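Have a look at the structure below before the remarks.
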Amino acid sequence: MIYSDNDTIAAIATAMSDAGIGIIRVSGPKAVQIVDNCYLNVGKKHDLLFHAPNTIQYGYICNQKEEILDEVMVSVMKAPHSYTREDVVEVNCHGGMMIMNDVLQVLLNAGCRLAEPGEFTKRAFLNGRIDLAKAEAVMDIISATNEFALHNSQKQLRGNISREVIAMRKEILYEMAFIESALDDPENYDLTGYPEKLRSKLATVSSKCRKLIDTSEEGKIRKEGIRTVIVGKPNSGKSSLLNILTGEERAIVTEIAGTTRDVIEETVRIDDIVLHVTDTAGIRQTQDTIEKIGVEKAKKYAEDADLILYMIDSTREIDEEDTEIIRMISGKKLIILLNKCDLENEIRVTEQDIVKLMNQECGDSYELQSVDSCFYHIENKDQKIPMIKTSMLDQEGIDLLKKSVSELFLHGEIVPKEEMYVTSIRHKNALQKAYESMMLVIKSIDDGMSEDFFAIDLMNCYQALGEIIGEDIGEDLVDEIFSKFCMGK
Amino acid sequence: MSQIREKVDVCVIGAGHAGCEAALSCSRLGLETVIFTVSADNIAFMPCNPHIGGSSKGHLVREIDALGGEMGKNIDKTFIQSKMLNTSKGPAVHSLRAQADKAAYSASMKKVLESQEHLTVKQAEVCELISEPVSEISDPELFREGYERKITGVRIFTGAVYEAKAVILCTGTYLKSRCLCGEAITYTGPNGMQPANLLSASLIENGIDLRRFKTGTPARMDGNSIDYDKMEEQFGDTPVIPFSFETDPASVQRDQASCWLTYTNEKTHEIIRNNINRSPIYAGVIEGVGPRYCPSIEDKVIKFPDRERHQVFIEPEGDFTNEMYIDGMSSSMPEDVQLEMYRSVPGLEHCRIVKNAYAIEYDCLCPGQLSPVLEIKKIRGLFSAGQFNGSSGYEEAAAQGLYAGINASMQILDKPYVTIDRSEGYIGVLVDDLVTKDNLEPYRMMTSRAEYRLLLRQDNADLRLRAKGYQAGLVSRGKYEYVQYKKSAIESEVRRLKETSIGASAQVQDFLNRHGSSPLKTASSLAELICRPELDYDSLAEIDPGRKTFSRDIIEQIEINIKYEGYILRQEKQVEQFEKMENKYIPADLDYQDVGSLRIEARQKLEKFRPVNIGQASRIGGVNPADISVLIVYLDSINRKNRK
């Protein structure tokens, strides 16, 4: 035999960092026997074989010479009632990296093979315990960075996505079957008025599909956070903003323009939303090479960002640098901060000036709407840009900024709704494909095509939905999913 | 006592629609062929319906023709009515159907066989297959390929032996057949023909598993006893479109016979319900499994209790007989029930039955024993086709006969097999389904079975399959080259139409106005105009003076390619996906026991069918997508280990 899924694998299942406890997971037909060889109970006896399944026991891990390495708690789970549906033993040892490695090494010496990344979950999948969507969700749970991501992955693991997709698929399958039956047996299946019926059915299913797709942007933001870039002329207060948001002195703040030479990244939490904030070197023409690299980078970051915080020093006249920035960020999700409003006597730039600048550079009839004395919207038909008067010195306007962020991205709802969010790009793409196919069927109906043409796009829709739950095997799909796994899962 | 001992290349057992195509293809490829039949007067006999083609079956006939088979040409010579079906739908489901003069069809095919060089017709019952075991020492190569025996010939009833390199089983419904008309049972083949009672035992001795299938046929009426005034007359098409790409359309324009449409009614259904316990199927006398898609009238009444009526077509059996075929009312009821039930149908009140309806049971092959070229997996040189393989229908039989004949010849001539996959033809779908599926009832070709049917149209069978026919050696170089020319003409003309821009000139607007088409706002390509439903290639001639002259078949392809371009492209994408799975090969010696996580049912099915690739594996019943992902992951790990 060239390859076997029947050997026994082991890996460190907890994070590879020093921590209170660490878990070594062992799975396979010889899991219990191998761990037993390396395990002594309090009475210094090998007795793991007699442990009742689903219990945890205190004892010691020892090497082949029966020298004790660590105190451990060992739990035994018997097939098929385990994560992999194989016999699984989990060794809870102390969480130091050294000791975890030592314990793992002992187990490898005793006959385990080091698991490949994702191999435990792969076995769970191969043994039919979870479907592909659930396998993906497992990976998401491991890498979840916040409450939302975790919560959502858990929902996916329980199969909420699968359930929604299966329901949609069932509807599509019914229509496909009806069309095929009518083609084969026109005597017993009447297609009179059928296109209209199909059209309204597809309207319903496609709108469900659309809704799922629409959750993906919000889902992604909630799961991965918002890539945020602070831009503005040198010394306008960008680094101060970052420091206020992170609550610590991270960026170097001085009076000298151009102090922030490189790009600084920080993760900031506003309630449940994560902002990955990048402070950039002030955008300005410069001869200084180091700073020049920073400026280039700033432009690039601004291009990729989900959100741009444009910091304007209201004590300095608008100049060419501002026009360049405005041009660079037009069309992006944007919040404008009119900073240094505490220096009342030195204000050179007013909210009207910004609107004027926008209309001059971005050309699309923006108007100023005043919400209160410190908070405005610059609006046109496509966009509503919040503008806030701030003072980094007095930490003024920060709450308004947070409120604006949540309004821009989550329609003001910081706490996620009790809904399913599509957070996997793969799922989103498949849903998008399914949606587009449904639109093509509707177009065929409107074009008066005969029923046999509907079948082509209905099939594409059905298959796209199937890819999500692994009912339709796209090329290399399986591989793609498992290769993303981390070790020990 | 000395026995005759002949030496040939190929023996074909049975001269029905499968046998005829098999024997003709082998002999046309220069192989010495003998075709055995229990009745040389009933070659290419049509014991059931009197038509060739119809929905999806018409596609098969076109494909047979493109490959160099005979069925299309023979029906073109002997039809009495012809019709293109489904013309209100898209081109994918257009299908040609022709009513045959049964006697003429049979006689004409017999003449073709008799005139064929290298082919001998022999009236005899084949009783025994002669084969030898394959061992590692005697035939190391065959042994490695998994063969257990090799065929060396057949023995007929008289004891004469025909040595052969290949044998093709085309036994139809003749193996141990028995016919049932209610309580009256006869041990005969169809229409009272002699059955073949001895061969089954020899097949079993050779390790072949057999099962019983059942099919049925309706009564034939004396046409003089039918009141046509109570029925709707069904005419043929004018002009008639021939089946064969080689038939001159002018030669098939003739006076056509009519068919007639009537319906069953509540009274008919009541008669059936009241007598259902006398039906051999419902009484449990018949053990064979019958086709779901060609059901008897008893089945229809029981399975669709809500339907108030069922269609009944009255079809002529030929120019020189009064017999009429009662399509839609096949039955195995006793004679008295039949008469009562038929006479309840409008127009049949005074009908006289010439031949009773009956059901027929016969031995055929259990699934899982066929290779993708229709060879019995274990026995080198033993091929099979038609109803023996579990199919139903003349066209399905002919298609398999041709496919088996070609590949038996390729094997003997030591040339690569000629294969057709699901994206290339209905024949590919048919063969793949017979090879990979546990069909529990006679398999009938249907439109819905073809996933890529917009590409597999009856109108482009020549473009799809001529090259394969040429590869096999059944299509001449000239015909092959014509198809190559046709392809490039279509391609370049489609390109020209897309690239030629038409301005909104007064002449153009006037033209559009006259054709009830909305005026142009900006310039448009000729192709865009062709896409408008009210316009077509011909009508555009007026505003497209630069065009070349093309024949009708080329113009038809140009229009289809332009009008349905988006759909065709999307279907081609689907085929690309399909091919990726077809190209993931499974090692022939894979031990499914090693694939630990397969479900038991899936493992058993995979062991039984031994698919050659992942695509085929995914089509085996009882193997679900989760099993397929298991298999992909497993094969992947093997490949990775091998690379390391």
Side-chain angles (χ1 to χ4, degrees), chain A residues 1-6 29 84-86 116 119 122-132 135 176-177 179-188 191 437 440 443-444 447-457 459-460 463 466-467 469-479 481-482, chain B residues 55-56 85-86 88-93 293 300 303-304 307 310-311 328 444 446-449 451-454 531 533 564 566-568 570-571 573-574 577 580-581 584 591 593-599 614 618 624-642:
Chain A
M1 205 188 306
I2 312 165
Y3 177 85
S4 164
D5 268 324
N6 296 323
T84 55
R85 282 206 171 157
E86 301 172 335
E116 286 170 23
E119 198 169 354
K122 192 164 162 180
R123 286 184 176 203
F125 162 73
L126 286 174
N127 292 331
R129 206 183 77 90
I130 53 175
D131 68 20
L132 276 187
M176 286 164 61
I179 291 174
E180 300 294 329
S181 306
L183 287 176
D184 284 337
D185 187 5
E187 192 196 337
N188 288 310
L191 285 169
S437 294
L440 284 169
K443 184 173 183 302
S444 299
D447 287 351
M449 303 299 288
S450 66
E451 295 77 13
D452 48 309
F453 287 98
F454 308 163
I456 296 174
D457 295 305
M459 178 48 94
N460 279 345
Q463 287 181 341
E467 279 173 25
I469 50 174
E471 282 289 313
D472 218 285
I473 314 295
E475 198 206 12
D476 300 331
L477 173 67
V478 184
D479 230 29
I481 288 171
F482 291 107
Chain B
S55 186
S56 79
L85 307 179
N86 297 328
S88 65
K89 305 207 184 304
V93 291
Y293 304 101
K300 287 195 228 179
K303 284 177 188 157
F304 299 100
R307 290 198 67 88
H310 294 280
Q311 289 179 336
R444 181 181 155 186
M446 285 186 296
T447 312
S448 66
R449 300 195 194 270
E451 297 88 341
Y452 312 111
R453 58 175 171 254
L454 186 57
C531 287
Y564 307 113
Y567 296 96
I568 291 174
R570 295 206 286 284
Q571 188 113 81
K573 272 254 154 9
Q574 293 177 337
Q577 273 311 109
K580 278 179 187 162
M581 288 301 169
K584 278 188 195 288
D591 185 348
Q593 294 298 334
D594 290 351
V595 192
S597 2
L598 284 173
R599 290 171 316 115
I614 290 283
S618 70
N624 69 27
D627 301 313
I628 293 300
S629 19
V630 163
L631 205 52
I632 292 177
V633 172
Y634 181 81
L635 291 177
D636 242 37
S637 350
I638 292 184
N639 291 339
R640 217 172 299 158
K641 298 270 147 142
N642 286 350

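Order of the sequence lines fixes the chain letters, A, B, ..., with proteins taken first and strands second; residue numbering starts at 1 for each chain. For clarity, every value in this text was computed on a predicted model and none was experimentally measured.
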Check whether any side-chain heavy atom of A:M459 sits under 4.5 Å from a side-chain heavy atom of B:E451, and report yes or no. no
Using a cut-off of under 4.5 Å for heavy-atom pairs, which of A:L440, A:D185, A:D447 has the most such pairs with chain B? A:L440
Where does A:M449 contact chain B at under 4.5 Å (heavy atoms): side chain, backbone, both or neither? side chain
B:S56 versus chain A, heavy atoms under 4.5 Å apart: side chain, backbone, both or neither? neither
Can you tell which part of A:S437 gets under 4.5 Å to a heavy atom of chain B, answering side chain, backbone, both or neither? neither
Say you draw a straight line from CG of A:L183 to CE of B:M446; how long is it, rounded to the nearest 0.5 Å? 11.0 Å
Sub-4.5 Å side-chain heavy-atom contact between A:F453 and B:L454: yes
Closest heavy-atom pair, A:I456 versus B:Q571, reported as atoms and distance to 0.1 Å, is CD1-OE1, 3.8 Å
Identify the heavy atoms of A:S450 and B:G90 that sit nearest to each other, and give their distance. OG-N, 2.9 Å
Could you pull out all residues at least two apart from B:R570 that satisfy salt bridge (charged side-chain N to carboxylate O under 4.0 Å, His left out)? A:D457
Quick check for you: among B:Q311, B:K300, B:K573, which has the greatest number of heavy-atom pairs under 4.5 Å with chain A? B:Q311
So for B:F304, is it side chain, backbone, both, or neither that comes closer than 4.5 Å to the heavy atoms of chain A? side chain
If every non-hydrogen atom of B:R453 is compared with every non-hydrogen atom of A:A455, which pair is closest and at what distance? NH2-CB, 3.5 Å
